[in-house]
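Throughout, protein chains are lettered first and strands after them, A, B, ... in sequence-line order, and every chain is numbered starting at 1.
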Number of protein chains: 2
Amino acid sequence: MASIKDVAAAAGVSVATVSRVLNGHPSVSADARTRVMGAVDTLGYRPNAVARSLRTDQTHTLGLVISDVLNPYFTELARSVEEEARALGYSVIIGNADERPELQDHHVRNLLDRRIDGLLVSPTDGGSPLMLDAARAGTPMVFVDRWIPGVAVPVVRADGQAAVRDLVAHLHRLGHRRLAIIAGPAATTTGSERVEAFRAALAEYGLPLPDTYIGQGDFQAESGRRVTEGFLDLPRPPEVVFAADNLMALGALDAVRARGLRVPDDIALAAFDDIPWFVHTDPPVTAIAQPTGELGRAAVRALVDRIEGRTPRSVTLPARLVVRRSCGEAHVPSQTPAPPTQSPSPVQRSTS
Amino acid sequence: MASIKDVAAAAGVSVATVSRVLNGHPSVSADARTRVMGAVDTLGYRPNAVARSLRTDQTHTLGLVISDVLNPYFTELARSVEEEARALGYSVIIGNADERPELQDHHVRNLLDRRIDGLLVSPTDGGSPLMLDAARAGTPMVFVDRWIPGVAVPVVRADGQAAVRDLVAHLHRLGHRRLAIIAGPAATTTGSERVEAFRAALAEYGLPLPDTYIGQGDFQAESGRRVTEGFLDLPRPPEVVFAADNLMALGALDAVRARGLRVPDDIALAAFDDIPWFVHTDPPVTAIAQPTGELGRAAVRALVDRIEGRTPRSVTLPARLVVRRSCGEAHVPSQTPAPPTQSPSPVQRSTS
DNA sequence: TGGACTCGTGGAATCGATTACATCGATGCC
DNA sequence: GGCATCGATGTAATCGATTCCACGAGTCCA
């Protein structure tokens, strides 16, 4: 592959001049410029990004470590991240952690070794020493979706509290009183926050959340299946299962179907994270939708701000409830049911 | 960040010795080795992959350009590719083309600039000059899923012919005679092959495939919706719609539902590419399943063979029909219906 | 005892870019 | 006309690794 030297030779100038032409440096004669351009495309020359990065100490690359590529939520997040990054002149390398901390570490290490300019992470766990060290050492970093408390890193995420409250209101109105949740790993913020939001919302209605109604999942379909089976085996099974992500909802659906039961007649189902397929499942699934694309874009902007010396800000965007039929037919058709004691949560955008 | 020089200084040896220790070169004294190791972890040193790549002209990185990250099929492919690559000591950079040739070119260029060791592509179109040049110039390359005829690049893909024949047999047995297809872009092999396989299978039953029953889609949901609406507007709509990928099937489902019609009562539906959600859609969708994971792994093995100087081989694996309820109830419950004139297609693995 | 060999090590070139600095000719101004 | 300035260009150092080559010390065998 042709190098800058070959171009210089072909154009009859020095490598410095070639570099200047390529980087749009003003002090180059029109003549030299055209000769260089000519040489560039007769040789099909493309600058070697590796060499350039070594010299400039910039890769114009962002690392994105997500928890699970097979989860449509993260896939959509990844897409919007790449899109926004591209618009800002960066490319993105994705690392898929498959919800495994050691794999997450592998990717963080790999990305750091490649000297990416900044790191976008949705942590699978409470944070390995590796990641915490990197943050402390000053690697530009932004948490997206999930975060790690106590680390000085901006966070871009959705707040589901109001939407969970709306969901519980919806369920209560439909007459459901025994509500269970398939939680995510407690080590993740989304794992614990969603349970807490759910518990708090239930409390508003004087409803308990017994331990037997909290199933421990890991955000993967198989755990949703397993936990749901546990619920169904209970002497007094719940009337509703709320899955903390869409894959566990898929697993729950599998388990219910395997028993020959029907949603919502035998048991109702709701999920955190909305995906296009939920419109067409049997029945369509009531879900809490995150503004995924906006989250991805905001995260990239924050990270690039940090990289380019501006001050990044944390962003929290509201999630919202999308009512479908998996919890039973609404008496009054409505898309956004008003909660009992307060008005519908307003769209909010907080920064910290 | 500490460099090899810092390690050398801390250990009281030269950079050459540090490099030798790091690369497991035999000719290093035990004493030097321990001193270097010590310096490495007190400094938290990690080799700079950028510098290393520049010197060795190897990045140990594979590029993967897929047509659409939002498509679960490609997402699963990407996952298996990354997994196998990791096992073989490579990492993967994914480029998402979103079915847009110019975006595909952007990623190919980007990956080439980064001097990846090899390229895995599922081409969005007939091949841009850029990609063809790269192939001719000797960049290690393997096509996966889709390919470009006339280019000397190994191909790893699934053969759906037998499965399509099984599907048509199934449909015929259910009494369907007017069968339509939502095709993918003709510029892609999967776009045209699936239509041809369908046409050939119909011919075996003396069934025509009129032009009005061939809708032109682009593998995205929206096109599936649009084409299906067109079918439904026909004076004599088809009894079955076969979508050439899962996203167009999703769009078809949207269109049918928007008209207030029911699958399979009003119109039957089948899709190429099986995904977990098809089990839970209303109704569960009959689909042709590809051995996606195996495809990804085989593609990586072929590419790495090529990179490491062995001879790569093309691989073709069979797809298979998975019958569910979206085409009507089978008279006799069966998972793999026998085609009328010949026995069920045996599992085959051809190499070229 | 001395030459051949091995082993461990360091010096320095190298990969392909960027960029500070030096150089040189032309121009402008007093 | 002479000196400062400016624009265009080249030379060479540099980024952080790898690796060829040379060298000194020790070992072995004739």
**OP:** Just compare D:dA17, D:dT18, C:dG16 and give me whichever is closest to any side-chain atom of B:Tyr45.
**Re:** D:dA17
Subject >> Angle by which the axis turns from one end of the helix from C:dT1-D:dA30 to C:dC30-D:dG1 to the other, five pairs per end, to 10 degrees >> reply: 50°
Original post:
Is any side-chain N of the basic residue among B:Glu82 and B:Arg79 closer than 4.0 Å to the acidic one's carboxylate O?
Top reply: no
**OP:** Round to a whole Å and report the spacing from CG of B:Asp6 to C1' of D:dA17.
**Re:** 13 Å
**OP:** Measure across A:Gln58 and A:Ser53 and return the closest heavy-atom pair with its distance rounded to 0.1 Å.
**Re:** O-OG, 3.2 Å
Original post:
Does the side chain of A:Asn48 get closer than 4.0 angstrom to OP1 or OP2 of C:dC15 through an N or O atom?
Top reply: no
Subject >> Closest to the B:Ala51 side chain, choosing from D:dA17, D:dT18, C:dA17 >> reply: D:dA17
Subject >> Residue pairs passing the side-chain hydrogen bond (donor to acceptor under 3.5 Å, both in side chains) test where at least one lies in residues 124-136 of chain A, sequence neighbours excluded >> reply: A:Gln104-A:Thr124, A:Gln104-A:Asp125, A:Asp105-A:Ser128, A:Asp133-A:Arg136
Subject >> Value in whole Å for how far the P atom of C:dG16 lies from CG of B:Asp57 >> reply: 7 Å
Subject >> Atom-to-atom span, CZ of A:Arg46 to C1' of C:dA17 - whole angstrom >> reply: 14 Å
Provide a list of protein-nucleic acid N or O atom pairs under 3.5 angstrom, restricted to nucleotides 9-13 of chain C.
residue: C:dT9; atom: OP1; partner: B:Ser29; partner atom: OG; Å: 2.7
residue: C:dT9; atom: OP2; partner: B:Ser29; partner atom: N; Å: 2.7
residue: C:dT9; atom: OP2; partner: B:Ser29; partner atom: OG; Å: 3.0
residue: C:dG10; atom: OP2; partner: B:Ser14; partner atom: N; Å: 2.9
residue: C:dG10; atom: OP2; partner: B:Ser14; partner atom: OG; Å: 3.0
residue: C:dG10; atom: OP2; partner: B:Thr17; partner atom: OG1; Å: 2.6
residue: C:dG10; atom: N7; partner: B:Arg20; partner atom: NH2; Å: 2.7
residue: C:dG10; atom: O6; partner: B:Arg20; partner atom: NH1; Å: 3.3

Subject >> Residues B:Asp113 and A:Arg46 bridged, charged N to O under 4.0 Å >> reply: yes
**OP:** Keeping the roles fixed (side chain from A:Thr61, backbone from A:Thr59), state whether a donor-acceptor pair exists under 3.5 Å.
**Re:** yes
**OP:** Please state how far atom CG in B:Leu54 lies from atom P in D:dA17, giving the value in whole angstrom units.
**Re:** 12 Å
Original post:
Taking all atoms of both residues into account, what is the closest heavy-atom pair of A:Pro123 and A:Val121, and its distance?
Top reply: CD-O, 3.5 Å
Original post:
Nearest-Å distance, CG (A:Leu43) to P (C:dA17)?
Top reply: 12 Å
Original post:
Please give, in whole Å, the distance from D:dA17 C1' to B:His60 NE2?
Top reply: 14 Å
Original post:
Does B:Lys5 put a side-chain nitrogen or oxygen below 4.0 Å from OP1 or OP2 of D:dC15?
Top reply: yes
Original post:
Side chains of A:Tyr73 and A:Asp145: do they bring a donor and an acceptor to under 3.5 Å?
Top reply: yes
**OP:** For A:Ser19, answer base if it contacts any base atom (sugar-phosphate contacts may also be present), sugar-phosphate if it contacts only those atoms, and nothing otherwise; contact means non-hydrogen atoms under 4.0 Å.
**Re:** base
Subject >> Whole-Å gap separating P (C:dT19) and CD1 (A:Ile4) >> reply: 11 Å
Subject >> For atom CE of B:Met1 and atom C1' of D:dC15, their distance in whole Å >> reply: 15 Å
Subject >> salt_bridge(B:Glu99, B:Arg146) N-O dist < 4.0 Å >> reply: yes
**OP:** Examine distances only and state if a side-chain atom of B:Asp305 and a backbone atom of B:Arg310 form a donor-acceptor pair shorter than 3.5 Å.
**Re:** no
